[in-house]
Asker: 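Okay, here's the structure, questions in a sec.
From a predicted model like this one, the values you see are computed outputs, not experimental measurements.
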Amino acid sequence: MAITRTAASTDPATNTTTNTAGAPPTDRLVLGPGRWISNWQPEHPGFWNGPGRPAARRNLHWSVFCEFLGFAVWQLWSVTVVFLPAAGFDLSTSQQFWLVSLPPLVGAVLRVPYSFTVALFGGRNWTVISALLLLIPTAALALALSTPETPVWVLYVVAALAGFGGGNFASSMANITFFFPAREKGAALGLNAAGGNIGVAVAQFLVPLAVTLLAFGTFGPNLPMAGLIWIPFILLAAWGAHRYMHNLSHARNDLKGSLSTLREPHLWLIAVIYIGTFGSFMGFGSVFPTLISLMFPAFTSLDLWGAAISMAFLGPLVGSLARPLGGRLADRRGGARVTLSCFIAMSAVTAAVVLTLPWQNFWLYLGLFLALFTLTGIANGSSYRMIPLVFRLTVPTGDPVGHERKASAALGLIGAVGGFGGFLIPQVLRASHTANGSFDAAFWVLAALYLGLAVFTYLVYRRPGTALARANV
């Protein structure tokens with residue numbers, strides 16, 4: 001790949017490099033200090049088929065790896081909490097649900113400032129920083145779980161620190177959207193998100209193995225290993241991002257311009273939809289191991305071969321793998337149409353979970369949840385694909401910020417709002433169990449909410465005769 005390195009004509013205010021020959025070159029990257037590219041043109045066929053595509057893919061690959069670790073750290077407590085009683089921690093069911101609820105809550109809050117970090121610091125720069133921040137929750141978990149004498153409030157604080165991993169998604173998605181042309185954004189964003197989402201499944205698979213296989217003769221699970229095993233990978237991700245990723249000069253903008261996105265009505269309309277899609281994936285991903293341990297204790301033994309926590313990791317796994325499919329279906333069929341269909345199916349599957357609970361059939365229960373996770377994954381990809389197209393159609397041509405910059409900011413902000421679903425679902429389930437001793441009421445509420453979101457999606461984006469419906473967003 002041809003790269004032109006220049007520093008003589010760099011504007012210190014923007015870190016962009018002026019091409020003295022006139023029009024930006026399309027056969028090479030103009031790379032300034034700090035790996036800032038000043039001539040990124042993904043919509044130009046010559047540039048994209050030349051140096052553009054390989055550079056975009058390299059940035060995507062390292063972004064996926066860093067985001068993957070972010071999701072893994074974000075969901076460490078979802079699986080670690082199941083081992084706490086065996087390690088001597090005296091926790092009530094309500095306290096366990098709080099431990100799995102706090103990371104999604106903090107992660108959702110952090111996604112708001114993380115949405116603007118690419119504009120402020122550059123995508124490559126912030127990817128390095130955000131990766132290194134993951135060392136805090138992993139090291140803190142290892143320290144806090146080294147003794148069962150750790151107070152519950154300390155466990156809450158350490159669990160909240162895992163929210164650092166949730167913020168990574170917002171900055172990663174906002175960054176990657178700049179690298180790809182419009183025709184490939186859906187697939188790229190779907191792959192980036194899926195690579196991150198799969199971190200939930202990998203964490204729920206590896207952590208049980210690590211705390212049991214690496215017990216080193218100790219009595220009970222070796223819980224500090226749940227945090228320690230990630231540290232080498234975090235350091236590798238930070239190094240790779242620093243060495244191989246790029247900053248894009250045209251993606252750097254002022255914070256005031258980015259905040260103008262908050263005045264766009266469709267930011268909030270799609271955010272409501274995303275609470276039901278991504279929020280469901282995160283919410284069920286957080287509580288699925290706990291739900292199985294409470295309802296099917298025979299499948300959650302903590303001996304060596306029971307360490308996979310009754311296959312709970314399969315739910316986030318299929319949901320993650322389904323996300324790129326949702327992006328591709330949205331590219332072909334329209335994001336709103338795919339999302340609407342998923343909500344209807346999610347409502348039906350959730351109702352089926354309630355109706356079949358009295359049978360106490362673990363395999364049926366697992367199958368229904370795998371279907372539910374698959375639908376959330378497809379809907380994640382399809383609803384996220386709607387954002388760039390909706391903003392292109394609804395942001396006026398003369399807008400000083402532009403639809404692309406607003407769509408980039410919206411990717412992070414909508415992800416932030418949707419992340420609150422990861423907190424709400426565990427809390428709805430906790431409240432139902434506290435009040436009635438079962439989860440039936442919570443599942444009926446969720447089934448009704450999915451049906452309501454289907455109606456909402458239809459009225460806003462699929463109602464015949466509207467401009468957005470004609471555009472098949």
Asker: Strictly distance-based, threshold 3.5 Å: is any side-chain N or O of Thr177 a donor or acceptor partner for the main-chain N or O of Met173?
Answerer: no

Asker: Distance check, rounded to the nearest 0.5 Å: Trp36 atom CH2 versus Leu31 atom CG?
Answerer: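 Result: 11.5 Å between the selected atoms.
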
Asker: Evaluate the criterion side-chain contact (heavy atoms from CB on, under 4.5 Å) for residue pair Leu317 and Ile198; output intermediate values, then yes/no.
Answerer: CA-CA 6 Å; Leu317 177 63; Ile198 205 170; 3.8 Å; yes

Asker: Counting only heavy atoms from other residues, nucleotides and ligands, does the tally under 6.0 Å from CZ of Phe233 exceed 12?
Answerer: no

Asker: What distance do Gln41 atom CD and Thr26 atom OG1 have between them, rounded to the nearest 0.5 Å?
Answerer: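 Output value for this atom pair is 6.5 Å.
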
Asker: Which label fits Phe288 and Phe373: parallel for a plane angle under 30°, tilted from 30 to 60°, or perpendicular past 60°?
Answerer: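 Ring orientation of Phe288 relative to Phe373: tilted.
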
Asker: For residues Phe97 and Val287, determine if any side-chain heavy atom of one lies less than 4.5 Å from a side-chain heavy atom of the other.
Answerer: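 In contact.
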
Asker: Would Arg323 and Phe281 count as a cation-pi pair here, with the cationic atom under 6.0 angstrom from the ring centre and within 45° of the axis?
Answerer: no

Asker: As an exercise, state the distance from CZ of Phe180 to CG of Asn59, rounded to the nearest 0.5 Å.
Answerer: 8.5 Å

Asker: Do Met245 and Asn175 have side chains that approach each other closer than 4.5 Å (heavy atoms only, starting at C-beta)?
Answerer: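 Yes, at least one pair of side-chain atoms sits under 4.5 Å.
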
Asker: Verify, without hydrogens or angle tests, whether Thr457 (side chain) and Leu453 (backbone) share a donor-acceptor contact under 3.5 angstrom.
Answerer: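 Confirmed, Thr457 side chain pairs with Leu453 backbone.
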
Asker: Output the distance between atom CG (Leu325) and atom CD1 (Ile378), rounded to the nearest 0.5 Å.
Answerer: 5.0 Å

Asker: Please tell me whether Thr339 and Ser383 have a donor and an acceptor in their side chains that are separated by less than 3.5 angstrom.
Answerer: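 Short answer, no.
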
Asker: At their closest point, which heavy atom of Gly195 faces which heavy atom of Val64, and how far apart are they?
Answerer: CA-CG1, 3.6 Å

Asker: Just by modelled atom types, is the Glu67 backbone N or O under 3.5 Å from a matching donor or acceptor in the Asn168 side chain?
Answerer: no

Asker: Work out which heavy atom in Ala170 is nearest to a heavy atom in Arg111; give both atom names and the distance.
Answerer: CB-O, 3.5 Å

Asker: Using 30° and 60° as the class limits, which term best fits the ring planes of Phe169 and Tyr274: parallel, tilted or perpendicular?
Answerer: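 Rings of Phe169 and Tyr274: parallel, as their planes differ by under 30°.
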
Asker: Rounded to the nearest 0.5 Å, how far does CZ of Phe420 lie from CD1 of Ile275?
Answerer: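 Answer rounded to 0.5 Å: 8.5 Å.
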
Asker: Under the 3.5 angstrom rule, does the side chain of Asn380 hit a backbone N or O of Phe278 as a donor-acceptor pair?
Answerer: yes

Asker: Where do Val73 and Ala162 come nearest, in terms of heavy atoms and distance?
Answerer: O-CB, 3.5 Å

Asker: Determine, step by step, whether Ser38 and Ser249 satisfy the side-chain hydrogen bond (donor to acceptor under 3.5 Å, both in side chains) criterion, reporting the C-alpha distance in whole Å, the side-chain angles of both residues, the deciding distance to 0.1 Å, and the verdict.
Answerer: CA-CA 5 Å; Ser38 60; Ser249 295; 5.4 Å; no

Asker: Are the side chain of Ser341 and the backbone N or O of Arg337 linked by a donor-acceptor pair below 3.5 Å?
Answerer: yes

Asker: Could you give me the CA-CA distance, side-chain angles and deciding distance for His246 and Arg35, then say whether side-chain hydrogen bond (donor to acceptor under 3.5 Å, both in side chains) is met?
Answerer: CA-CA 5 Å; His246 298 93; Arg35 297 183 64 81; 2.9 Å; yes

Asker: Can you name the closest pair of heavy atoms from Asn472 and Leu389 and give their distance?
Answerer: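 Closest pair (atom of Asn472, atom of Leu389, distance): O-CD2, 4.3 Å.
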
Asker: Less than 4.5 Å apart, any side-chain heavy atom of Phe343 and any of Val455?
Answerer: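 No; the side chains remain at least 4.5 Å from each other.
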
Asker: Can you find a heavy atom in the side chain of Leu135 that is under 4.5 Å from one in the side chain of Leu132?
Answerer: yes

Asker: Looking at Thr277 and Thr376, would you say the former's side chain and the latter's main chain have a donor-acceptor pair under 3.5 Å?
Answerer: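 Answer holds: no.
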
Asker: Measure the shortest side-chain to side-chain distance between Leu76 and Thr138 over non-hydrogen atoms and say whether it is less than 4.5 angstrom.
Answerer: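 Touching, per the 4.5 Å side-chain cut-off.
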
Asker: Testing the basics here: between Thr290 and Ser78, what is the closest heavy-atom pair and its distance to 0.1 Å?
Answerer: OG1-O, 4.3 Å

Asker: Set out, in order, the CA-CA distance, both residues' side-chain angles and the distance that settles side-chain contact (heavy atoms from CB on, under 4.5 Å) for Leu269 and Phe456, then state yes or no.
Answerer: CA-CA 9 Å; Leu269 295 174; Phe456 177 82; 3.7 Å; yes

Asker: Is a side-chain N or O of Ser115 found less than 3.5 angstrom from the main chain of Leu413, in a donor-acceptor match?
Answerer: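 A pair under 3.5 Å: yes.
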
Asker: So which heavy atom on Ser280 is nearest to which on Tyr450, and how close?
Answerer: OG-OH, 2.6 Å

Asker: Quick one: does Asn39's side chain have a donor or acceptor within less than 3.5 Å of a partner on Arg28's backbone?
Answerer: yes

Asker: Main chain of Asn197, side chain of Ser320: is a donor-acceptor contact present, judged purely on distance under 3.5 Å?
Answerer: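 Between the backbone of Asn197 and the side chain of Ser320 there is a qualifying donor-acceptor contact (under 3.5 Å).
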
Asker: Okay, side chain of Arg463, backbone of Leu459: is any donor-acceptor separation there less than 3.5 Å?
Answerer: yes

Asker: Please determine whether side-chain hydrogen bond (donor to acceptor under 3.5 Å, both in side chains) holds for the pair Asn361 and Thr356, giving the CA-CA distance in whole Å, both sets of side-chain angles, and the decisive distance to 0.1 Å.
Answerer: CA-CA 8 Å; Asn361 187 314; Thr356 59; over 6 Å; no

Asker: Below 4.5 Å, heavy atoms only, C-beta onward: do Ile270 and Tyr461 meet side chain to side chain?
Answerer: yes

Asker: Relative to the ring of Tyr114, is the ring of Trp126 parallel (under 30°), tilted (30 to 60°) or perpendicular (over 60°)?
Answerer: perpendicular

Asker: Do Trp230 and Leu206 make a side-chain contact, defined as non-hydrogen atoms from C-beta onward lying under 4.5 Å apart?
Answerer: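 SC-SC contact between Trp230 and Leu206 confirmed.
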
Asker: Can you tell if the side chain of Trp77 reaches within under 4.5 Å of the side chain of Leu141, non-hydrogen atoms only?
Answerer: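 Yes, close enough: below the 4.5 Å cut-off.
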
